[in-house]
Novice: 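Pasting in a structure now, in structure tokens, and then I'll have a few things to ask.
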There are 2 protein chains.
Amino acid sequence: MPKRTSHEDASCTVARPLDAIGDGWSLLIIRDAFDGLRRFGEFQRNLGLAKNILSARLQNLVTHGILRTVPAGDGSPYQEYVLTEKGRGLFPVLVALRQWSEEHFFGPEESRTRLVDAQDGQPLPPLRILSHDGRELGPEDTTPITHNGDS
Amino acid sequence: MPKRTSHEDASCTVARPLDAIGDGWSLLIIRDAFDGLRRFGEFQRNLGLAKNILSARLQNLVTHGILRTVPAGDGSPYQEYVLTEKGRGLFPVLVALRQWSEEHFFGPEESRTRLVDAQDGQPLPPLRILSHDGRELGPEDTTPITHNGDS
DNA sequence: TGAGGTGGTTGCAAAGTGAAACCGCAATCA
DNA sequence: TGATTGCGGTTTCACTTTGCAACCACCTCA
């Protein structure tokens, strides 16, 4: 996590969430959480990261309200980490990232893990950014404005 | 950028792009590039990061094919950094991240920078994940599979 | 009792980050 | 002509973070 002491961190909607998920591990933990992993040991085995790092990342995700700890699960005396509603809101971000990655980081013959429709196994079509009246918008069709909160 | 020497980095469509954009600065640089910034000094002034860090991040984004350098622009003897097609493909990721951030990191009264439709100034409606036949999909409606490249 | 699994914390070495200084180049100014 | 400034970096060095390994506390089961 960089320092970002600049003047630009206050109102930018990109900068602020990066404190929560901007490091290299958090999004992988969240992806695993979407895949149903809940236990410390599951995350650690699946990701192969050091336990102290995992511990710090889980704490950070909990304090940011993305994961929360629930007391048990099965009879074990330990806790589990599950996505909050805020954490589940990251689903479109992960889908967008996966689609971009599939398109640009993998060759057509290369094996990869992809997300498919659970009902019929069909791959997800590419995300589209639509305006309120249904036009498809590209990067040049949008503009950033400073919004005051009132409106 | 974490090490990720684990067995899971090879085929995961989330892990691989994080080498390119997984640090705390790269997405901010890319957002600025979408906003039209092109020059080293523009990025540095706008983000307030150290010049060596900016230099390293720009190099990394160039080697990953997200930005490319173009020789001039105006008459100046310097180079500019512009998004490649691959870089422009990150637009849905940024939109998804902004929408999640607006919803969960900002109070209703809090001032923030948001993205609006350039044509009519209307805010972008929330992204929806749709199946190939138009059903809206949530996290529990999808499942990850290992895809072999052939099909 | 003690052997093993789970969920961490603690050292410590190595790598990464960041502020400031420095540097080469070109255009500008005196 | 010689000095100055701005741009685009690179170098230096103190500081922070990461990651491996060891250790530890707790519980279960034999």
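Chain naming here is simple, since letters A, B, ... match the order of the sequence lines and numbering starts at 1 in each.
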Novice: Step by step, work out the side chain to side chain contact (heavy atoms under 4.5 Å, CB included) result for Ile29(A) and Leu54(A).
Specialist: CA-CA 9 Å; Ile29(A) 293 170; Leu54(A) 176 58; 3.8 Å; yes
Novice: Nearest-Å distance, CG (Leu54(B)) to P (dA20(C))?
Specialist: 16 Å
Novice: Taking the six-membered ring of Phe106(B) as reference, does the NZ or CZ atom of Arg16(A) fall below 6.0 Å from its centre and within a 45° cone about the axis?
Specialist: yes
Novice: Atom CZ of residue position Arg128(A) - does it have more than 12 heavy atoms of other residues, nucleotides or ligands inside 6.0 Å?
Specialist: no
Novice: Rounded to the Å, how far apart are Leu37(A) CG and dG7(C) P?
Specialist: 12 Å
Novice: Which whole-number value in Å describes the distance from Ile53(B) CD1 to dA20(C) P?
Specialist: 14 Å
Novice: Using the ring centroid of each side chain, check whether Tyr81(B) and Phe40(B) are separated by less than 6.0 Å.
Specialist: no
Novice: With respect to the phosphate group of dG19(D), does any side-chain polar atom (N or O) of Trp25(A) fall under 4.0 Å of OP1 or OP2?
Specialist: yes
Novice: Using side-chain heavy atoms (C-beta onward) and a distance below 4.5 Å, is Val70(B) in contact with Arg38(B)?
Specialist: yes
Novice: Would Asp120(B) and Arg135(A) pass as an ion pair if we require N to O under 4.0 Å?
Specialist: yes
Novice: For a quick check, with a 4.0 angstrom heavy-atom cut-off, what is the B/S/- contact string for nucleotides 6-14 of chain D, read 5' to 3'?
Specialist: BBBBBBB--
Novice: Under 6.0 Å from the six-membered ring centre of Phe43(A) and within 45° of its axis: does the NZ or CZ of Lys51(A) meet both?
Specialist: no
Novice: Quick one: Asp19(B) CG to dG16(C) C1', roughly how many Å, whole number?
Specialist: 15 Å
Novice: Separation of Phe43(A) atom CZ from dT6(C) atom C1', in whole Å?
Specialist: 15 Å
Novice: Any chance you could measure Asp35(A), atom CG, to Arg31(A), atom CZ, to the nearest 0.5 Å?
Specialist: 6.5 Å
Novice: For the helix from dT1(C)-dA30(D) to dA30(C)-dT1(D), what is the angle between the axes at its two ends, each from 5 pairs, rounded to 10°?
Specialist: 10°
